[in-house]
Amino acid sequence: MNEKYIIDMLTQNSVSVIKHRVMEVDGVEMNVGDPHRKAYINNERGRIEVEQELPLPQATAIFSVWGKEATLP
């Protein structure tokens, strides 16, 4: 079983990430269960959660928009 991440509604202040669990059956990807959505905000805590909870490619994409500093308290 694999996980797919979709970055949705990415702004300088926040992002929503959708996580799907997928399984390949006879060459066809199928979702397993319901997708999970989580919002992260560009503050100190949100930045730590992005680093800890998301794979490096997704975190890098988010930080490329967010920059090096938090924009919210």
Side-chain angles (χ1 to χ4, degrees):
M1 190 167 329
N2 295 316
E3 294 177 336
K4 283 182 124 178
Y5 294 84
I6 299 170
I7 296 174
D8 190 30
M9 298 182 286
L10 176 58
T11 70
Q12 288 183 326
N13 295 321
S14 64
V15 64
S16 177
V17 178
I18 304 166
K19 180 171 99 174
H20 291 272
R21 288 192 176 127
V22 294
M23 186 170 70
E24 191 171 315
V25 178
D26 296 327
V28 178
E29 276 190 357
M30 301 177 70
N31 288 335
V32 177
D34 293 327
H36 174 77
R37 180 185 292 264
K38 181 168 180 183
Y40 300 90
I41 60 172
N42 188 3
N43 63 11
E44 216 173 290
R45 180 179 175 192
R47 295 174 75 88
I48 291 169
E49 289 176 351
V50 166
E51 288 177 346
Q52 292 177 345
E53 298 174 7
L54 299 177
L56 185 59
Q58 286 76 15
T60 301
I62 291 166
F63 290 133
S64 72
V65 172
W66 283 6
K68 295 183 186 254
E69 301 291 326
T71 59
L72 299 171

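Every heavy atom of this structure was used, including side-chain atoms; hydrogens, water molecules and symmetry mates were not.
How far CD of Glu24 is from CG of Asn2: 8.5 Å, rounded to the nearest 0.5 Å. With values rounded to the nearest 0.5 angstrom, Ile7 atom CD1 is found 5.5 Å from Gln58 atom CD. Interatomic distance, Asp34 CG to His20 NE2, rounded to the nearest 0.5 Å: 10.0 Å. The distance from the NZ atom of Lys19 to the NE2 atom of His36 is 6.5 Å, given to the nearest 0.5 Å. Interatomic distance, OG1 of Thr60 versus CD of Glu51, reported as 9.5 Å (0.5 Å rounding).
Within a 6.0 Å radius of CD in Glu3, more than 12 heavy atoms belonging to other residues, nucleotides or ligands are found.
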request  = Take Met1 and Val32, measure what side chain to side chain contact (heavy atoms under 4.5 Å, CB included) needs, and give me the verdict at the end.
outcome  = CA-CA 9 Å; Met1 190 167 329; Val32 177; 4.1 Å; yes

request  = Evaluate side chain to side chain contact (heavy atoms under 4.5 Å, CB included) for Val65 paired with Val15, printing each intermediate quantity in order.
outcome  = CA-CA 10 Å; Val65 172; Val15 64; over 6 Å; no

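Annotation for Tyr40 and Gly46: closest pair CD2-O, 4.1 Å, computed over non-hydrogen atoms.
Legend: side-chain hydrogen bond (donor to acceptor under 3.5 Å, both in side chains) pairs involving residues 62-73, not counting sequence neighbours, sorted by first then second residue: Asn13-Thr71, Asn42-Thr71.
With sequence neighbours left out, Arg37 forms a side chain to side chain contact (heavy atoms under 4.5 Å, CB included) with Asp8, Met9, Ser16, Ile18. Residues passing the salt bridge (Lys or Arg N to Asp or Glu O under 4.0 Å) test with Glu53, sequence neighbours excluded: Lys38.
Both Val17 and Phe63 sit in one connected hydrophobic cluster of ILVMFWY residues. Membership requires side-chain heavy atoms under 4.5 Å apart, directly or through other members.
Between Glu49 and Arg45 there is a salt bridge, with a side-chain nitrogen of the basic residue lying less than 4.0 Å from a carboxylate oxygen of the acidic one.
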